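Single-structure report; data block below.
Note that the structure is a prediction, hence the values are computed from the model and not measured. In what follows, chains are A, B, ... by sequence order, proteins preceding strands, each numbered from 1.
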Amino acid sequence: EQKSDRRQSCLLPLVAPAGVHGAALLPTSTPVFFAVLKKRLVKLVVNFLFYFRTDEAEPIGALLLEHCRITKEEENVFSISFIEEPERKYCFECDSEEQCQEWIEALKRASYEFMRRSLIFYRNEIQKITGKDPLEQYGISEEARFQLGTRKQ
Amino acid sequence: MKLNERSLAFYATCDSPADNAGFLYKRGERHTAYHRRWFVLKGNMLFYFEERESREPVGVIVLEGCTVELCDSAEAFAFAIRFGGAKSRTYVLAAESQAAMESWVKSLSRASFDYLRLVVRELEKQLEEMRLGTASGCGGCQGAPSSWKQKPSGLEQSLERLPALPGVLPKENGCAVWNNAPGVEQSPNTCSGGPSGEGNPRPLPLPPRRRASSSEAGSSRAAAGESPSTFCWLHERYGREVAQLRQDWLERQRDHQ
């Protein structure tokens with residue numbers, strides 16, 4: 001199981017996952033089972049999760065997906081919580097376990113910071129094999145944001 | 001439209017390093033007066049603060065689907081962030097020097113998530129091609145003798161580590177251990193316990209047993225120096241040596257009987 005995870009592409013699908021889900025903002029300790037969920041169209045676009053009322057074209061709101069934790073909750077349910085707001089969680093109910101897992105995987109990879117880490121990782125791996133920096137062709141090899149070991153959390 | 005503003009503010013002000021930061025003049029929406037603000041670029045978001053020490057940003061510009069260009073303005077060192085779409089606003093900013101302007105235009109035009117994703121896809125493809133190229137280039141690997149399996153695990157670990165990604169996703173997006181030393185990206189229960197100090201690519205060590213009298217010793221040492229970075233090549237190389245040793249041993253056993 002670990003092996004297949006490792007080989008999975010880090011990248012979001014080109015068509016952003018979207019779907020209609022039951023959604024609620026709950027206190028962290030509340031089991032989703034007890035919540036009243038509202039029907040929302042949820043759409044992942046780069047590192048934002050937009051949510052809409054199902055019959056409206058304009059989103060009600062969006063969640064920035066940086067520094068957040070994606071957690072599997074009860075069956076078919078996952079939640080998003082943010083570091084600076086640990087007492088609340090955004091819950092989403094999916095139609096199936098499979099769909100739930102797909103969302104979790106997509107959301108975990110949705111942050112800019114994850115993308116950046118992946119770039120640094122690939123860059124390093126390629127450099128180890130070829131001895132050359134693959135970013136040179138893009139003219140971005142000197143950018144501070146892609147340097148190994150210069151960043152600390 | 002609602003945004004999880006606290007999360008945005010947190011992202012803007014947390015310790016993670018900014019991709020660019022500095023004072024810029026921002027032209028007002030309705031009035032043409034410029035206001036000096038402290039700008040911080042993180043990821044695909046350009047935050048601006050009233051003062052450098054402000055605890056919360058005044059606003060944010062999400063840099064997706066925009067173009068960054070120099071613009072004609074009475075103000076020196078001016079540039080604009082333009083978005084498509086009829087209702088979209090153009091943000092006109094001005095730097096305090098030519099160098100600052102160039103630095104900002106460069107970093108802003110490459111800040112989008114889409115751009116980063118393009119680069120990452122490309123690297124991922126390159127790495128995949130290398131992996132496949134290596135695998136198909138040495139069919140001999142498959143036929144390595146079974147005694148190969150007892151070889152030092154360091155090589156096998158390296159082979160495992162070749163493909164795609166950090167094995168385990170961090171608990172929090174954007175908040176994992178930012179220790180970019182190579183080899184630390186793997187999860188604890190995979191093979192990050194490999195040779196320590198692996199900060200630089202270096203040739204793999206020669207196999208432990210060296211037969212001083214063997215003519216192979218010299219040649220293998222030379223050969224290992226040639227192309228150490230192809231694991232499969234080394235794999236096969238060591239395999240041949242082991243096969244030979246095993247052959248010798250078998251012959252010696254037969255001789256003793």
How long is the gap from [atom1] on [X] to [atom2] on [Y], to the nearest 0.5 Å?
| X | Y | atom1 | atom2 | result |
| --- | --- | --- | --- | --- |
| A:S111 | B:Y11 | OG | OH | 7.5 Å |
| B:R6 | A:I83 | CZ | CD1 | 12.5 Å |
| B:S16 | A:R116 | OG | CZ | 7.5 Å |
| A:I140 | B:L116 | CD1 | CG | 7.5 Å |
| B:L8 | A:F48 | CG | CZ | 5.5 Å |
| A:N47 | B:M45 | CG | CE | 6.0 Å |

Would you name the heavy atoms of A:S118 and B:V120 that are closest together and state the gap between them?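 Closest pair (atom of A:S118, atom of B:V120, distance): CB-CG1, 4.2 Å.
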State, to 0.1 Å, how close B:N4 and A:L63 come at their nearest heavy-atom pair, and which atoms those are.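 Where B:N4 meets A:L63 most closely, the heavy atoms are OD1-CA, 3.3 Å.
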Of B:A9, B:A111, B:S107, the largest count of non-hydrogen pairs under 4.5 angstrom with chain A goes to B:A111
Determine the interplanar angle of the A:H67 and B:F10 rings, folded into 0 to 90°, and report it as parallel if under 30°, tilted if 30 to 60°, perpendicular if over 60°. perpendicular
Should we count [atom1] of [X] as having more than 12 external heavy atoms under 6.0 Å?
| X | atom1 | result |
| --- | --- | --- |
| B:E56 | CD | no |
| B:K125 | NZ | no |
| B:R52 | CZ | no |
| A:Q101 | CD | yes |
| A:E98 | CD | no |

Side chains of [X] and [Y] in contact at under 4.5 Å (non-hydrogen atoms):
| X | Y | answer |
| --- | --- | --- |
| A:L135 | B:V119 | yes |
| B:E64 | A:V45 | no |
| A:F50 | B:M1 | yes |
| A:T130 | B:M130 | yes |
| B:Q126 | A:Y122 | no |
| A:E84 | B:T13 | no |
| A:I126 | B:L123 | yes |

Passes side-chain contact (heavy atoms from CB on, under 4.5 Å), A:F121 versus B:E124? Steps please. CA-CA 10 Å; A:F121 177 83; B:E124 199 181 44; over 6 Å; no
Please classify the contact between A:Y138 and chain B as side chain, backbone, both or neither, with a heavy-atom cut-off of under 4.5 Å.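 Its backbone and side chain both get close to chain B.
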Please report the C-alpha distance between B:L3 and A:L64 in whole Å, then the side-chain angles of each, then the deciding distance to 0.1 Å, and finally whether the side-chain contact (heavy atoms from CB on, under 4.5 Å) criterion is met. CA-CA 8 Å; B:L3 274 178; A:L64 171 67; 6.0 Å; no
